[in-house]
Amino acid sequence: MPFTRISLLRGKSPEYLKALSDNFHRAMIETFDVPPDDRFQSIHQFDAGELIFDPTYLGGPRSDNFVFFEITIGKPRTAGMKQGFYRRLVQLLAEAPGIRPEDVMIVITATPPENISFSNGVIYDGIPGGAVHQREQA
Amino acid sequence: MPFTRISLLRGKSPEYLKALSDNFHRAMIETFDVPPDDRFQSIHQFDAGELIFDPTYLGGPRSDNFVFFEITIGKPRTAGMKQGFYRRLVQLLAEAPGIRPEDVMIVITATPPENISFSNGVIYDGIPGGAVHQREQA
Amino acid sequence: MPFTRISLLRGKSPEYLKALSDNFHRAMIETFDVPPDDRFQSIHQFDAGELIFDPTYLGGPRSDNFVFFEITIGKPRTAGMKQGFYRRLVQLLAEAPGIRPEDVMIVITATPPENISFSNGVIYDGIPGGAVHQREQA
């Protein structure tokens, strides 16, 4: 974790999508306490009429470059850290691939560690170092 | 918010999808305390074999017009409001685009306001009027 | 419920996807207290560059057969039951369609029963038997 679903209208180049993915992850590393190799994302490209968003509700004006990030986290973060992450994310995406801050929307959902299995049918017990320790369950 | 993922089998016309999107949003405005311009949805069209649902478990019989709504909300609603929304939604979808109530499934997930950034890397502070106020974080 | 989103790279045969779907559901029946007809899944096939995952973070090595399961549950389960489910799932998927345990990642999100309407705009009141009882709301 985190796992992030990225939603946008179809039509961007592979280079654009890579820059989007890379800078999203960079914002997570810099400001959201995410290790560099903790990278799990999916990119959903929607056809016209399949991604519907109001142009001015609580922000915008939103354009067809609108991008929506849904992030599932396993470890809690403070409100201050979230705010810092949102700010850094829009900064980096403006640099590359050149997305206006008005076009960036983010929603975070949290779930506890026992609700996550990264691999091999085990639950990570939280001990740093990257190894997977199987937690014995009652 | 709310943000809603709409899932159904591929093959409906653009007019059908628009009516589905419009009447879903109308139900939210009428019964779920959602402002008219607070509209954020994605429509996922699945090929045969990619959307799997039991025809009679706890309802149905479900047909190939089955539609699944996953709604993420930021503001809490009462159980009574949710029940009223579910009822109104199936009424409106039966009118247009003509979906049977048996074919409508809904799941709501909640997340707190600090977990949402609508635009510009800021968190909405809850003051009505549509303007985005940046909340200063500790 | 549960409702499960299954994400993987495009290119598998319909038989592979059916085996994946069937054995996922079998693990739920055997170890996760799910009735046999309580089956609701979506399968998202991603093109190259659209499903991004680190090969070795907390497990792996992950290959292009990586599959990610996001499960939304309405009824709570114990940590012990979750661990048993993760173990059984990787066992069954190794049997068919032949997915390595290193390639299996699972995230569970929970939501309360009033947040779910299976059909007909009503909330299931929890009485076994498969009938849908409408719960009168205040």
Side-chain angles (χ1 to χ4, degrees), chain B residues 2 5-10 27 31 42 44-63 66-73 76-94 99-111, chain C residues 1-8 10 12-22 24-25 34-45 70-74 108-138:
Chain B
R5 289 200 176 277
I6 303 172
S7 298
L8 74 169
L9 287 170
R10 191 182 303 280
T31 60
S42 61
H44 298 246
Q45 302 195 58
F46 290 89
D47 294 323
E50 292 181 333
L51 187 62
I52 296 134
F53 49 92
D54 188 84
T56 55
Y57 182 72
L58 288 186
R62 295 179 183 92
S63 75
F66 174 70
V67 58
F68 176 59
F69 299 91
E70 289 172 283
I71 309 167
T72 304
I73 60 175
R77 271 81 170 175
T78 62
M81 181 175 275
K82 290 166 188 171
Q83 177 66 89
F85 165 66
Y86 303 152
R87 279 202 206 100
R88 186 59 177 147
L89 178 60
V90 299
Q91 278 180 355
L92 285 173
L93 293 179
I99 300 174
R100 295 157 60 249
E102 291 85 348
D103 278 325
V104 178
M105 185 165 167
I106 306 150
V107 174
I108 297 171
T109 302
T111 200
Chain C
M1 306 296 280
F3 187 93
T4 303
R5 289 201 177 276
I6 303 171
S7 298
L8 74 170
R10 190 180 302 281
K12 300 305 185 193
S13 67
E15 294 73 27
Y16 182 105
L17 297 180
K18 186 175 190 308
L20 171 57
S21 168
D22 286 350
F24 176 83
H25 192 60
V34 174
D37 49 346
D38 184 1
R39 182 171 181 166
F40 299 91
Q41 308 168 353
S42 61
I43 300 179
H44 298 247
Q45 302 196 59
E70 288 171 282
I71 308 167
T72 304
I73 60 174
I108 297 171
T109 303
T111 199
E114 70 182 47
N115 282 12
I116 305 162
S117 176
F118 281 93
S119 182
N120 291 89
V122 298
I123 298 170
Y124 178 54
D125 67 358
I127 296 173
V132 176
H133 303 264
Q134 179 157 348
R135 197 160 63 162
E136 295 310 318
Q137 300 299 329

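This structure is a prediction, so every number in the text was calculated from the model and none was measured. Throughout, a chain's letter reflects where its sequence line sits, starting with A, and its residues are numbered from 1.
Looking at Leu51(B), the atoms closer than 4.5 Å to chain C (heavy atoms on both sides) sit in the backbone and in the side chain alike. The contact between Pro35(C) and chain B is made entirely by side chain atoms (from C-beta outward), counting heavy-atom distances below 4.5 Å. Heavy atoms closer than 4.5 Å to chain C are found in the side chain of Glu70(B), but not in its backbone. Neither the backbone nor the side chain of Leu17(C) has a heavy atom closer than 4.5 Å to any heavy atom of chain B. Heavy-atom distances place the side chain of Arg62(B), and not its backbone, under 4.5 Å from chain C. Of the two parts of Phe46(B), only the side chain, counted from C-beta on, holds a non-hydrogen atom closer than 4.5 Å to a non-hydrogen atom of chain C.
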What verdict does the ring-ring contact (aromatic ring centres under 6.0 Å, His included) test give for Phe40(C) and Phe53(B), after you've listed the backbone C-alpha separation in whole Å, the side-chain angles of each residue and the deciding distance to 0.1 Å? CA-CA 4 Å; Phe40(C) 299 91; Phe53(B) 49 92; 7.5 Å; no
Does the pair Ser7(B) and Arg5(C) meet the rule for a side-chain contact (heavy atoms from CB on, under 4.5 Å), with working shown? CA-CA 11 Å; Ser7(B) 298; Arg5(C) 289 201 177 276; 3.1 Å; yes
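The choice from His44(B), Gln91(B), Arg77(B), Lys82(B) that makes the most heavy-atom pairs within less than 4.5 Å of chain C is Lys82(B).
Partners of Val90(B) according to the side chain to side chain contact (heavy atoms under 4.5 Å, CB included) rule, which considers only residues two or more places apart in sequence or in another chain, are Pro101(B), Val104(B). Residues passing the ring-ring contact (aromatic ring centres under 6.0 Å, His included) test with Phe3(C), sequence neighbours excluded: Phe68(B).
Here the shortest heavy-atom pairing between Thr109(B) and Thr109(C) reads CG2-CG2, 4.4 Å.
Using modelled atom types, one finds no donor on one side chain facing an acceptor on the other under 3.5 Å when comparing Thr31(B) with Arg87(B).
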